[in-house]
Amino acid sequence: MEILVLIKQVPLDSNVGVDPKTGVIKRENAETKLNPYDLFALETALRLKELAGGIVTVLTMGPPQAEAAIREAFAMGADAGYLLTDRAFAGSDVLATSYALSQAIKAIGAFDLVVCGKQTTDGDTAQVGSECSEFLGVPCLANVQTIEVIDPGAVTLVYDAGNSFIRATVQLPVLISVDKDICQPRLPSWNRMQASKGRVVKKITLDDLADKNRSHYGLDGSPTQVVRIFPPEHETTTELWDDGDLASRLFSFLQEKKFLQELA
Ligand SMILES: Cc1cc2nc3c(=O)[nH]c(=O)nc-3n(C[C@H](O)[C@H](O)[C@H](O)COP(=O)(O)OP(=O)(O)OC[C@H]3O[C@@H](n4cnc5c(N)ncnc54)[C@H](O)[C@@H]3O)c2cc1C
């Protein structure tokens with residue numbers, strides 16, 4: 001079984017710079033980690049491989065340093081890794097990112113299953129999985145809770161449809177996204193890290209894609225343009241009370257601000 005996992009390198013915390021002109025996160029010098037939700041996607045794939053056999057490949061789109069995310073996936077047990085990287089992809093919004101990823105998936109080869117995390121902790125749109133499935137022309141099942149049976153041609157799984165859980169049998173190939181309650185990710189292993197040190201992370205650039213039209217990628221291919229990025233504005237005022245009947249005063253204050261109802 002050929003399983004592809006989409007993984008993304010994200011900033012370690014929210015303390016990252018933003019380019020004031022383009023509104024794009026400056027990722028070059030930011031400390032990074034593997035998107036936490038993608039650990040669950042990778043673990044799901046590794047468990048399926050243990051059950052059904054096959055190969056687990058990871059793919060990420062990002063700057064050259066995103067190779068570290070692939071090396072981390074190797075240390076968890078992934079067999080092969082691809083880095084989609086080219087200046088042509090800089091500034092891609094979610095649509096252009098999904099298009100570039102789906103082009104790369106087609107360039108790598110045929111897959112039975114593509115597994116994504118539920119969302120990232122930086123972009124946070126939770127749209128990449130479903131958009132990739134559209135571009136790939138395969139079904140998409142989001143919020144998969146359990147994978148019950150995997151056959152050569154189909155998979156039976158349970159997914160959360162919001163107000164109900166649905167058990168479905170779907171023909172492969174299919175794209176799924178998983179949340180953090182599907183399994184407990186294993187820790188990266190030092191032995192696997194050492195064993196995979198010499199493994200090549202294959203680079204994919206625009207030249208390797210079937211669609212080489214630059215205007216379909218990056219800022220040009222992005223219908224979303226960042227107008228402004230700014231921290232949320234909070235209006236906070238402070239009053240200090242240190243004499244009188246503080247309890248009654250607090251009670252009246254809370255009533256006045258409509259935090260408490262008048263007692264009948
Ligand atoms: C105008 C604009 C410009 C932007 N410019 C840049 C830029 O220059 N550089 C940049 O890095 N980001 C840029 N972004 C952010 C970028 O578009 C998003 O990070 C990207 O679309 C992924 O969306 P998301 O993070 O919301 O993923 P989600 O949809 O929340 O992620 C769901 C799942 O999809 C998979 N996934 C998501 N992103 C990737 C990826 N890159 N590779 C592999 N798998 C992935 C993972 O499995 C993840 O768990 C820009 C966004 C906008 C709106």
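Just so you know, these numbers come straight off a predicted model, no measurement behind them. Just so you know, ligand 1 is whichever comes first in the structure, and atom 1 is the first atom listed for that ligand.
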Test: Lys8 and Asp122 ion pair at under 4.0 Å | yes

Decide whether the shortest distance between a heavy atom of Ser92 and an atom of ligand 1 is less than 4.0 Å.
-> yes

Counting each atom of ligand 1 from 1 as listed, which ones have a heavy atom of Ile7 under 4.0 Å away?
-> 42 (N), 43 (C), 44 (N)

For ligand 1, which atoms sit closer than 4.0 Å to a heavy atom of Asp122?
-> 25 (O)

Donor on one side chain, acceptor on other, Asp124 and Gln119, under 3.5 Å | yes

Does any N or O atom in Ala126 lie less than 3.5 angstrom from one in ligand 1, N or O only?
-> yes

Arg199 to Phe74, cation-pi by 6.0 Å centre distance and 45° axis angle = yes

For Leu59, take its heavy atoms, then give the atoms of ligand 1 lying under 4.0 Å from any of them.
-> 43 (C)

Answer yes or no: is there an ion pair linking Glu72 with Lys33, defined by an N-O contact shorter than 4.0 Å?
-> no

Under 4.0 Å from one or more heavy atoms of Cys116, ligand 1 contributes atoms 47 (O)

Start with the C-alpha gap between Tyr99 and Tyr217, add the side-chain angles, then the distance that decides, and say whether ring pair (Phe, Tyr, Trp, His ring centres under 6.0 Å) holds.
-> CA-CA 8 Å; Tyr99 184 64; Tyr217 306 95; 5.6 Å; yes

Structural part of Asp124 in contact with ligand 1, heavy atom criterion under 4.0 angstrom | backbone

Measure the spacing between CD of Gln65 and CD of Gln9 and express it to the nearest 0.5 Å.
-> 6.5 Å

What part of Thr97, side chain from CB on, backbone N/CA/C/O, both or neither, has a heavy atom under 4.0 Å from ligand 1?
-> side chain

For Gln127, atoms of ligand 1 separated by under 4.0 Å from a heavy atom = 29 (O)

Is Gly91 in contact with ligand 1, taking contact as a heavy-atom separation below 4.0 Å?
-> yes

The atoms of ligand 1 lying under 4.0 Å from a heavy atom of Met61, numbered in the order shown, are 40 (C), 41 (N), 42 (N), 43 (C)

Classify the contact between Asp38 and ligand 1 as side chain, backbone, both or neither, using a heavy-atom distance cut-off of under 4.0 Å.
-> side chain

So with a 6.0 Å cut-off around CZ of Arg167, is the heavy-atom count from everything else above 12?
-> no

Where on Leu101 is there a heavy atom closer than 4.0 Å to ligand 1, on the side chain, on the backbone, on both, or on neither?
-> side chain

Any atoms of ligand 1 less than 4.0 Å from a non-hydrogen atom of Thr60? List them with their elements.
-> 42 (N), 43 (C)

Mind checking whether Leu219 has an N or O less than 3.5 Å away from an N or O of ligand 1?
-> no

Judging by distance only, is a nitrogen or oxygen of Gln225 under 3.5 angstrom from one on ligand 1?
-> no

If we only count N/O pairs under 3.5 Å, is Thr120 in contact with ligand 1?
-> yes

Backbone N/O of Arg186 and side chain of Glu43: donor-acceptor pair under 3.5 Å = yes

Can you tell me how far CG of Leu6 sits from OG1 of Thr97, rounded to the nearest 0.5 angstrom?
-> 11.5 Å

Can you tell me how far CD1 of Ile182 sits from OH of Tyr159, rounded to the nearest 0.5 angstrom?
-> 14.5 Å

So the atoms of ligand 1 within less than 4.0 Å of a heavy atom of Val94 turn out to be 17 (O), 21 (O), 23 (O)

Calculate, to the nearest 0.5 Å, the distance between atoms CD1 and CG belonging to Ile204 and Leu59 respectively.
-> 6.0 Å

